[in-house]
Amino acid sequence: MIKVGVLGARGRMGAEVCRAVEGADDMELVATVDQGDALDALETAEVVVDFTHPDVVMDNLRWCVEHGLHAVVGTTGFDPSRLDTVRSWQAAGAKGNVLIAPNFGIGAVLMMHFARKAAPFFESVEVVELHHPNKADAPSGTAFRTAELIGAARAEAGVGPSPDATTSELPGARGADVDGVRVHAVRLSGLIAHQEVLLGGHGETFTIRHDAMNRESFMPGVLLGVRRVAELPDRLTVGIESLLDL
Ligand SMILES: NC(=O)C1=CN([C@@H]2O[C@H](COP(=O)(O)OP(=O)(O)OC[C@H]3O[C@@H](n4cnc5c(N)ncnc54)[C@H](O)[C@@H]3O)[C@@H](O)[C@H]2O)C=CC1
Ligand SMILES: O=C(O)C1=N[C@H](C(=O)O)C[C@H](O)C1
């Protein structure tokens with residue numbers, strides 16, 4: 001049995017993770033921690049799952065790896081500098097492995113994979129993410145990562161910037177620029193988590209869309225991460241693509 005602790009256990013995702021772990025035959029939920037609770041309760045765990053907030057996740061994660069616990073992190077906000085900080089803790093002797101995924105949904109991971117593959121073949125690309133209005137961060141971690149992957153694939157293939165004749169705009173009208181890719185964020189009651197990658201070429205467009213209809217949809221990916229994190233070849237793994245052999 002894998003002993004699992006959950007950080008952010010009273011939140012939307014954390015509560016869903018607690019249910020999923022309790023329903024898994026090979027896992028035992030040994031600790032549930034939320035804001036204001038002492039982290040010491042997690043010491044009985046082997047793997048800690050974090051779905052909290054970008055402002056607190058680094059302190060949580062540092063505590064986990066320095067206590068030798070493996071961490072599966074769904075909380076967003078991991079830019080390259082944060083990832084370097086995690087690597088520095090591990091280089092300094094922190095024993096826990098870390099798996100950070102901006103999205104644990106299998107369809108969302110495939111969307112990112114296909115977007116990266118398609119990116120060099122179209123001169124134009126933009127990302128539109130749509131989420132529930134309680135979301136703290138914009139753009140979403142998934143959209144940020146998608147844009148990074150697209151930007152890298154286009155740079156590697158020698159594709160120039162997407163054509164755009166805009167010379168006058170209201171601030172924000174053209175979205176955020178992430179590695180040369182425009183990213184637009186919609187916040188709307190009734191939504192959970194959705195994303196479209198829009199690609200355009202000469203006389204054709206190609207749209208890749210993913211819709212998460214509920215938070216249960218993220219659980220197969222989270223449980224896969226919990227099962228595999230202790231034995232991953234890299235101390236820090238970003239995304240579950242490699243766990244799906246993508
Ligand atoms: N990677 C993925 O597949 C997914 C990632 N997310 C991300 O997960 C994060 C959480 O999302 P939600 O569950 O919707 O948010 P939420 O606001 O419903 O839950 C966050 C929970 O963390 C708790 N919390 C805050 N500070 C804490 C601390 N220092 N220690 C322990 N608990 C603390 C809050 O009290 C709350 O219960 C966000 O960054 C979101 O973008 C959300 C869905 C899927
Ligand atoms: O906050 C959410 O809800 C989600 N957050 C993640 C993100 O920022 O990409 C994953 C998914 O989009 C749901």
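Counting starts at 1 for both ligands and their atoms, following the listed order.
Of all atoms in ligand 1, listed by their number and element, those nearer than 4.0 Å to a heavy atom of Gly11 are 18 (O), 19 (O), 21 (C), 36 (C), 37 (O). Near Thr76, with a cut-off below 4.0 Å to any heavy atom, the atoms of ligand 2 are 6 (C), 7 (C), 8 (O). The distance from ligand 2 to the heavy atoms of Ser140 drops below 4.0 Å at these ligand atoms: 7 (C), 8 (O), 9 (O). Taking every heavy atom of Asn103 and a limit of under 4.0 angstrom, the matching atoms of ligand 2 come to 10 (C), 11 (C), 12 (O).
Below 3.5 Å of separation, one finds an N or O of Met13 facing an N or O of ligand 1. Here's the thing with Phe218: none of its N/O atoms is less than 3.5 angstrom from an N/O atom of ligand 1. Inclusion of His132 in the set of residues having an N or O under 3.5 Å from an N or O of ligand 1 is not warranted. In terms of N/O distances under 3.5 Å, ligand 1 is approached by Arg12. By the 3.5 Å distance cut-off applied to N or O atoms, His132 is counted among the residues near ligand 2. Checked against a 3.5 angstrom limit, the closest N/O atoms of Val56 and ligand 1 fall outside it. Residue Pro54 places no N or O, backbone or side chain, under 3.5 Å from any N or O of ligand 1.
Using a 4.0 Å cut-off between charged side-chain N and carboxylate O, Arg19 and Glu16 make a salt bridge. Ion pairing of Asp59 with Arg62 is absent here, as no side-chain N (NZ or NE/NH1/NH2) approaches a carboxylate O to less than 4.0 Å. Look at Arg145 and Asp79 and you find no salt bridge, because none of the NZ, NE, NH1 or NH2 atoms lies under 4.0 Å from a carboxylate O.
The closest non-hydrogen atom to atom 6 (C) of ligand 2, taken over Ala108, Gly141, Pro102, comes from Pro102. Considering each of Asn60, Ile100, Thr75, Thr32, the one bringing a non-hydrogen atom nearest atom 30 (N) of ligand 1 is Asn60. In this structure, of Gln35, Arg215, Arg10, the residue bringing a heavy atom nearest to atom 33 (C) of ligand 1 is Gln35. Summarising the contacts of atom 24 (N) of ligand 1 with Asp34, Val109, Ile192, the nearest heavy atom is found in Asp34.
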Does Phe218 form a side chain to side chain contact (heavy atoms under 4.5 Å, CB included) with Val17? I'd like the steps, not just the answer. CA-CA 9 Å; Phe218 300 105; Val17 173; over 6 Å; no
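Heavy atoms of Glu129 found under 4.0 angstrom from ligand 2: none, in either backbone or side chain. When heavy-atom distances to ligand 2 are checked against a 4.0 Å cut-off, Thr142 comes that close through both its backbone and its side chain. Under 4.0 Å from ligand 2, the heavy atoms of Ala193 that appear belong solely to its side chain. Heavy atoms of Phe104 found under 4.0 angstrom from ligand 1 belong to the backbone as well as the side chain.
In terms of protein heavy atoms, atom 11 (C) of ligand 2 is closest to His131 NE2, 3.6 Å. If you check which protein heavy atom lies closest to atom 5 (N) of ligand 2, you get Lys135 NZ, 3.1 Å.
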